[in-house]
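Take a look at this one; I'll ask things after.
Quick note on labels: first sequence line is chain A, next is B, and so on, each numbered from 1. Both backbone and side-chain heavy atoms feed into the values below; hydrogens, waters and symmetry mates do not.
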Amino acid sequence: MERYNFKKVEEKWQNFWSKNNSFLTTIDKNKKKFYCLEMFPYPSGKIHMGHVRNYTIGDVLSRYKALKGFNVLHPMGWDAFGMPAENAARDNNLDPKEWTNRNIETMKNQLKKLGLSIDWSREISTCSEEYYKHQQNFFLELLEKKLVYRKENYVNWDPVDETVLANEQVIDGKGWRSGAAVERKKLSQWFFNISKFSQDLLDGLESLETWPNKVKTMQKNWIGKSFGCEIEFKIEGDLPVEKIRCFTTRPDTLFGFSFLALSVDHEVSKYFINNKDFQKFKNECSKTGTTEEAIAVGEKIGFKTNLEAINPLDPSQKVPVYFANFVLMDYGFGAVFGCPGHDQRDFDFAKKYGLNIKTVVKPFDKDENFEVKEEAYAGPGILINSDFLNGLEAPQNSVLETIKILEKKNLGKKQTNYRLKDWGVSRQRYWGCPIPVAYDENGKVHPIPKSMLPVKLPENIDLKVKGNPLDSQKKWKEIIIEGKKMTRETDTLDTFVCSSWYYLRFCSPNEKHYGFNKEEIDYWMPVDQYIGGVEHAILHLLYSRFFMRAIDYRNENFQIKEPFQSLFTQGMVCHETYKDEDNNWLSPDEVEKVNGKIVKKIDENKIVKVGPSESMSKSKKNVVDPEFIIKNYGADAVRLFILSDSPPEKDIQWSEQGMVSSYKFVQKLWILHNEIKNIIFKNKYEKDDKKIEKFVNQMISKITLNLEKFNYNVIIANMYETYNFLINYLKEEKSLKNLKDNYYKILICFLPIIPHFASECLEDIGFQNEYNWPKHDEKALEEGKVSIVVQINGKKRSILNTKKGLGEAEILDYSKKDKNIFKYLDNKKIVKIIFIKDKLINILLNE
RNA sequence: GCCCUCGUGGUGAAAUUGGUAGACACAAAGGACUUAAAAUCCUUGCCCUUUUGGGAGUGCCAGUUCGAGUCUGGCCGAGGGCACCA
């Protein structure tokens, strides 16, 4: 017997699949479809372990579903626009397109070596004209439907990447990619009207039953629905301001009114343009948005005006109007009614400026003299000190009741607010999809006629210029539309737009006239299983859900609202971190273990500091290169290891030892296979044994269930159990009638996990082409013996091995004779018996 | 501060959803084979007993139940998300 040569075998099967177009998919209406999609990668250069995990999980599912008889769509493509290409190209004097395409070539080869069952004929790349021309077309459609618009607005400006970021792309006040502190800047920008669908996006979450709750909650919070009331406050003072509108969720606490706070960008601020103190204050406020310290301390500061606001429910009450740093212009009306008694933030502000703090809600268990002292009381209770509102249950009844009163008196009206803001999609970068519009002499927007699409990116341009490289392309900017000279838009689209509809394109990668073909998406969509990292919980997943609604809007031919039927978010791949004496990060191949100590490879005397295990990242150098690992151990062993140990939704610890043991397991399986093959071909079947049949049926049932439930780590354990069983079985039984058929079934169960190995073994014992997923036979499971637990007063005292299906009386009889049991029964009365067939008997005794 | 998730051996984790806790693997210790090492295989894994066996035990405290890792309430701890959202 030869040692298992994974290199030869894996190459052989990869070539076989490729030559036979094994994973090519076409519409087949006689079969049930299954669309399995993993989040497509950014072509950064090489695949990393995260990709290996993500795509292995998807591949196991795809292969399993295909064996079950589904028509499986399992495509792959490239999220190919974006900053790294532009930066790399600029720094190395390259063309971003070349850089990107070279990376795609490399990564595609790496993915192929993993043995993924991907239909490569559907490969797409978002930076190809073939792809982005359809995207430009979508943009124009949205423009027609008024779902995309242009407005001047404060934006999140990333000073390092020199581009605008969407709210979702600002993390802790920093750019999601560059990590630079984000600044506020006023710019004219393109926006997608995602907020139009706030309620619909929220409602849609209900239908996504198999999405992780975590993700649904995050989206729900992000959409941030709140119900309340819009109130108009009359204003008196030395400025021509008559009224100011506020939004509040607690109109019922109006009698606790103590100040009115405005955003520094509120229209009232126009009267303070020349006020130096105000300008100074405003500066202070813009700083607090970005420094971490200010966020941590959360100090509230205000600027007092000479205006006074009148309480609509009690015109005799007048309170001061402030500008305050904690009021946001783009939520509500940029104005807040301050009720310090029952809102902690208002409380802090009132304390600082010595404003009145009035208690208007008392907790249920306190009397009417209850007073707010150390902190605001935001809980439920009964309204007090509130005139005609006294006695109402807050907020349960009081909010609606107060809104009714305000509406009747024409002082306010019911309103629902959402935190979700429109999606700014303009990016001042070269390597993205050009926005297909132009401006005439007056700055009026003109869509580029569809016949002139795509708007192609100019080639061979200078990327070293400051700002947007497209802006300096004078020739390219000129365009003539219907005889008129115009100037092109130089902003490109956020790359998240590209990934908002790529899953549609996979259904019709060759459709020339439109982004997709109706017949094809009707068959394939929605994606049955989407798999990717949880980091896209809001960004990509919300944008995609929006994009389907945007296409669906006023479109009778399109009915998809939810693109992803099921979502699975896999955990990260982690590795220990290492640092040398000078605190420089070291990669795992720069260190080794000598006598239990981790040391530097080049110098054994240098001790290495071992840090906590963290998600693999280039910056911490705690990465392991998949290509190297695949080369050393083979794709099957890598697949096996990446799935073992931890459940796929949890983080996994990369361990060299674990990797080696997976490798050895494949070798051991090969030795076992040869032993079985010998028995099969020597035709030594004589004894008809049910033991193997029962075991294999149990195993099929377990593995099938674990596949359905994404318990892939348990499947690996099942594989080890199977191996252990077979080894012992072969020791006992040398003549085995049922071996071949049962072994065949086992190999098919292994196929999704270790496809090369299983295909090779199947061929080796004479099965060549079509395999089907085995069904477990209930009858086989029922035969034979069971272990029944015998309990005395709820404690396990013995185990009976009996035939299946015995009744209570028989089991009790056996129990009484059991040597571990009868000593307990001595002189005791049986009070009660709990009996569960084939499982357990619990005998309750009188003490 | 608010929201969500999770606490099981030295480690990663299983447990048919209320019925044998620790499957399967990693690491460790002891042993076998070997002149030796590597590889491989076997055994062990809290406490008491020489063994048969018994006791404790799934973060902590209580409860429901014949029976709780699983259900309920309270507490403690870890991880993640959001953060002046009125």
Side-chain angles (χ1 to χ4, degrees), chain A residues 171-173 212-222 224-226 228-229 231 246-251 253 260-261 263 288-289 294-296 298-300 324-328 330-339 343-346 348-349 375 378 417-421 534-535 537-538 640-641 644-647 649-653 655-662 664-665 668 698 701-702 705-706 711 713-724 727 787-799 819-820 823 831-836 839-845:
Chain A
I171 296 150
D172 291 335
N213 282 326
K214 181 172 57 170
V215 175
K216 286 196 277 189
T217 315
M218 279 165 75
Q219 291 213 357
K220 206 173 153 188
N221 292 340
W222 192 262
K225 180 178 182 176
S226 53
C229 178
I231 302 176
C246 289
F247 171 74
T248 177
T249 54
R250 293 301 300 272
T253 61
L260 195 92
S263 157
T288 42
I295 290 170
E299 200 193 358
K300 290 149 189 76
N325 64 336
F326 60 83
V327 185
L328 306 173
D330 46 9
Y331 186 80
F333 300 98
V336 175
F337 118 74
C339 177
D343 180 295
Q344 191 56 41
R345 189 197 48 201
D346 295 350
D348 295 343
F349 190 79
E375 53 176 12
N417 251 347
Y418 300 89
R419 219 180 63 129
L420 182 65
K421 286 168 204 124
V534 73
E535 66 272 19
I538 296 172
L640 202 56
F641 174 68
S644 63
D645 283 349
S646 292
E649 70 274 13
K650 276 188 151 186
D651 287 355
I652 187 172
Q653 209 56 39
S655 107
E656 190 73 22
Q657 256 136 1
M659 185 59 246
V660 171
S661 86
S662 292
K664 283 183 189 162
F665 183 51
K668 288 199 285 190
Q698 264 171 354
S701 133
K702 276 192 203 174
L705 190 72
N706 287 327
N711 295 335
N713 56 323
V714 188
I715 295 177
I716 311 302
N718 295 150
M719 288 170 71
Y720 276 101
E721 281 177 73
T722 306
Y723 171 82
N724 293 342
I727 286 287
S787 301
I788 294 176
V789 177
V790 186
Q791 295 183 339
I792 300 291
N793 289 335
K795 285 211 163 147
K796 181 184 108 187
R797 294 299 177 193
S798 188
I799 290 172
K819 70 176 161 67
N820 291 326
K823 61 184 181 190
V831 183
K832 196 178 174 185
I833 288 179
I834 314 273
F835 178 71
I836 292 155
K839 265 192 183 160
L840 171 138
I841 183 163
N842 186 4
I843 303 166
L844 301 179
L845 300 176

Next item on the list: Determine, stepwise, if the pair A:Asn706 / A:Asn718 fulfils side-chain hydrogen bond (donor to acceptor under 3.5 Å, both in side chains).
Entry: CA-CA 9 Å; A:Asn706 287 327; A:Asn718 295 150; 2.9 Å; yes
Margin query: In whole Å, I'd like the distance from the CG atom of A:Asn213 to the P atom of B:G80.
Written below: 20 Å
Check: Roughly, in whole Å, what's the span from CG in A:Asn325 to C1' in B:A86?
Finding: 14 Å
Notebook entry, point to check: For B:A13, does either OP1 or OP2 sit under 4.0 Å from a side-chain N or O belonging to A:Ser646?
Noted result: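 For B:A13, OP1/OP2 do have a side-chain N/O of A:Ser646 under 4.0 Å.
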Check: In terms of side-chain heavy atoms of A:Tyr720, which of B:C24, B:C84, B:A15 is nearest?
Finding: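 In terms of side-chain proximity for A:Tyr720, the closest of B:C24, B:C84, B:A15 is B:C24.
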Margin query: Need to verify one output field. Residue with the more 5' nearest nucleotide on RNA chain B, A:Asn820 or A:Ile836?
Written below: A:Ile836
Next item on the list: Tell me which nucleotide among B:U20, B:A14, B:G67 gets nearest to the side chain of A:Asn842.
Entry: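 Side chain of A:Asn842 sits closest to B:G67.
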Item checked: Residue-phosphate contact under 4.0 Å: A:Tyr331 side-chain N/O, B:A86 OP1/OP2 ->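 For A:Tyr331, the contact criterion (side-chain N or O under 4.0 Å from OP1 or OP2 of B:A86) is met.
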Check: Taking the side chain as C-beta and beyond, is there a heavy-atom pair between A:Gln791 and A:Leu840 under 4.5 Å?
Finding: yes
Checklist line | Span that lies between the C1' atom of B:G10 and that of B:C46, in whole angstrom | finding: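 Rounded to whole Å, the distance is 13 Å.
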Note to self: For a quick check of understanding: with a heavy-atom distance under 4.0 Å over all strands, which category does A:Val534 fall into, base, sugar-phosphate or nothing?
What the structure shows: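 Touches nothing.
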Check: In terms of side-chain heavy atoms of A:Lys796, which of B:A25, B:A21, B:C82 is nearest?
Finding: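 Out of B:A25, B:A21, B:C82, the nucleotide with an atom closest to A:Lys796's side chain is B:A21.
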Notebook entry, point to check: Which label fits B:G9, syn or anti, where anti is any glycosidic angle not within 90° of 0?
Noted result: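 The base of B:G9 is oriented syn (glycosidic angle within 90° of 0).
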Next item on the list: Could you tell me whether the phosphate oxygens of B:G12, OP1 or OP2, come under 4.0 Å of any side-chain nitrogen or oxygen in A:Lys650?
Entry: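 No, outside the criterion.
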Item checked: Minimum-distance nucleotide (side-chain atoms of A:Glu721 versus B:A39, B:A23, B:A86) -> B:A23
Item checked: Whole-Å distance separating the CG atom of A:Asn221 from the C1' atom of B:G80 ->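 It works out to 13 Å between those atoms.
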Notebook entry, point to check: In terms of the angle between their ring planes, are A:Phe349 and A:Phe326 parallel, tilted or perpendicular, with boundaries placed at 30° and 60°?
Noted result: perpendicular
Next item on the list: Mind checking A:Ser644 for me? I need base, sugar-phosphate or nothing, with any heavy atom below 4.0 Å counting as a touch.
Entry: nothing
Check: Who is the Watson-Crick or G-U wobble partner of B:A21, with both distances under 3.5 Å?
Finding: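 Across all strands, not a single nucleotide pairs with B:A21.
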Next item on the list: Name the residue closer to the 5' end of RNA chain B, choosing between A:Arg419 and A:Ile799 according to the nucleotide with the nearest heavy atom.
Entry: A:Ile799
Notebook entry, point to check: If you check every side-chain atom of A:Ala717, which of B:A13, B:U40, B:A23 has the closest atom?
Noted result: B:A23
Next item on the list: Could you please name the partner base of B:C6, counting Watson-Crick and G-U wobble pairs only when both distances are under 3.5 Å?
Entry: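 Paired with B:C6, as far as the under-3.5 Å criterion goes, is B:G77.
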Notebook entry, point to check: Syn versus anti for B:U34, judged by chi lying within 90° of 0?
Noted result: anti
Check: Who does B:U34 pair with, Watson-Crick or G-U, both distances under 3.5 Å?
Finding: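 Looking at the geometry, B:U34 pairs with no nucleotide.
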Notebook entry, point to check: When the C1' atoms of B:G69 and B:A56 are considered, how many whole Å apart are they?
Noted result: 16 Å
Notebook entry, point to check: Of the nucleotides B:A83, B:A86, B:C84, which has the atom closest to the A:Thr248 side chain?
Noted result: B:A86
Checklist line | Minimum heavy-atom distance between A:Arg250 and A:Phe337, given as atom pair plus value | finding: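 Closest heavy-atom pair between A:Arg250 and A:Phe337: O-CE2, 3.7 Å.
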Check: Taking atom P in both B:U20 and B:C71, what distance in whole Å separates the two?
Finding: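 About 16 Å, rounded to a whole number of Å.
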Margin query: Measuring from the side chain of A:Arg797 (C-beta onward, heavy atoms only), which nucleotide among B:U16, B:G55, B:A13 has the closest atom?
Written below: B:G55
Next item on the list: Kindly point out which of B:G19, B:A25, B:A13 is positioned nearest to the side chain of A:Lys839?
Entry: B:G19
Margin query: Regarding A:Ile834, tell me which of base, sugar-phosphate or nothing describes its non-hydrogen contacts under 4.0 Å with the strands shown.
Written below: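 Base: the residue A:Ile834, judged by heavy atoms under 4.0 Å, touches a nucleobase.
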Note to self: Work out how far the C1' atom of B:A25 is from that of B:G9, and round it to whole angstrom.
What the structure shows: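 Going atom to atom, C1' in each nucleotide, I get 14 Å.
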Next item on the list: Please state how far atom CG in A:Leu840 lies from atom C1' in B:U65, giving the value in whole angstrom units.
Entry: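 Spelled out: CG on A:Leu840 to C1' on B:U65 is 14 Å.
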Notebook entry, point to check: So what does A:Gln791 hit on the nucleic acid, given a heavy-atom distance under 4.0 Å: a base, only sugar-phosphate, or nothing?
Noted result: base
Notebook entry, point to check: How many Å lie between CD1 on A:Ile792 and P on B:C66, as a whole number?
Noted result: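 Rounding to the nearest Å, CD1 of A:Ile792 and P of B:C66 are 17 Å apart.
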Next item on the list: Rounded off to whole Å, could you give me the NZ-to-P distance for the A:Lys220 and B:C85 pair?
Entry: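 Result: 18 Å.
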Check: For A:Ser798, does its backbone N or O pair with a side-chain atom of A:Asn820 as donor and acceptor, under 3.5 Å?
Finding: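 Side chain of A:Asn820 to backbone of A:Ser798, a donor-acceptor pair under 3.5 Å: no, none is there.
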Margin query: Would you measure the distance from the C1' atom in B:G7 across to the matching atom in B:A13 and give it in whole Å?
Written below: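 Result for the C1' pair: 14 Å, nearest Å.
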Next item on the list: Mind listing the closest non-hydrogen atom pair of A:Asp346 and A:Cys339 along with its distance?
Entry: OD2-N, 2.9 Å
Next item on the list: Take atom CD1 of A:Ile833 and atom P of B:G67, then tell me their distance rounded to the nearest Å.
Entry: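 That distance rounds to 16 Å.
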Notebook entry, point to check: Counting just side-chain N and O atoms, does A:Lys795 come under 4.0 Å of either OP1 or OP2 of B:A56?
Noted result: yes
Next item on the list: Measure from the side-chain heavy atoms of A:Thr217 and tell me the nearest of B:C3, B:A86, B:C66.
Entry: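 It is B:C3.
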Checklist line | Spacing between A:Gln657 atom CD and B:A39 atom C1', to the nearest angstrom | finding: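 One finds 15 Å between C1' of B:A39 and CD of A:Gln657, rounded.
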Check: Within less than 4.0 Å of OP1 or OP2 of B:A86, is there a side-chain N or O belonging to A:Asn417?
Finding: no
Next item on the list: Using the C1' atoms only, state how far B:U72 lies from B:A68, rounded to an integer number of Å.
Entry: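 Each nucleotide's C1' atom is 11 Å from the other's.
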Margin query: Classify A:Ser662 by what it touches in the nucleic acid, base, sugar-phosphate, or nothing, heavy-atom distance under 4.0 Å.
Written below: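 A:Ser662: no heavy atom of the nucleic acid under 4.0 Å.
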Note to self: Taking B:U70 as the reference, what is the distance to B:U16 when you measure between their P atoms (whole Å, please)?
What the structure shows: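 The answer is 13 Å between these two P atoms.
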Item checked: Nearest-angstrom distance, C1' atom, B:C42 to B:C4 -> 48 Å
Item checked: Residue A:Phe247, side-chain atoms from C-beta onward, closest of B:A86, B:A13, B:C24 ->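 Looking only at heavy atoms from C-beta outward on A:Phe247, the closest nucleotide is B:A86.
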Check: Could one point to a donor on the side chain of A:Arg250 or the base of B:A86 with an acceptor on the other under 3.5 Å away?
Finding: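 For A:Arg250, whose side chain was compared with the base of B:A86, there is no donor-acceptor pair (under 3.5 Å).
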Next item on the list: Verify, without hydrogens or angle tests, whether A:Asn417 (side chain) and A:Tyr331 (backbone) share a donor-acceptor contact under 3.5 angstrom.
Entry: no
Checklist line | Audit row: A:Lys421, A:Asp330, side chain to side chain contact (heavy atoms under 4.5 Å, CB included) steps and yes/no | finding: CA-CA 8 Å; A:Lys421 286 168 204 124; A:Asp330 46 9; 3.6 Å; yes
Notebook entry, point to check: Between atom CD1 of A:Ile652 and atom OG of A:Ser646, what is the distance when rounded to the nearest 0.5 Å?
Noted result: 5.0 Å
Item checked: Short side-chain N/O contact to B:A25 OP1/OP2 from A:Asn724, under 4.0 Å ->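 For A:Asn724, the contact criterion (side-chain N or O under 4.0 Å from OP1 or OP2 of B:A25) is met.
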Item checked: Mate of B:C84 where both pairing distances stay under 3.5 Å, Watson-Crick or G-U ->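 Per the H-bond distance test, none.
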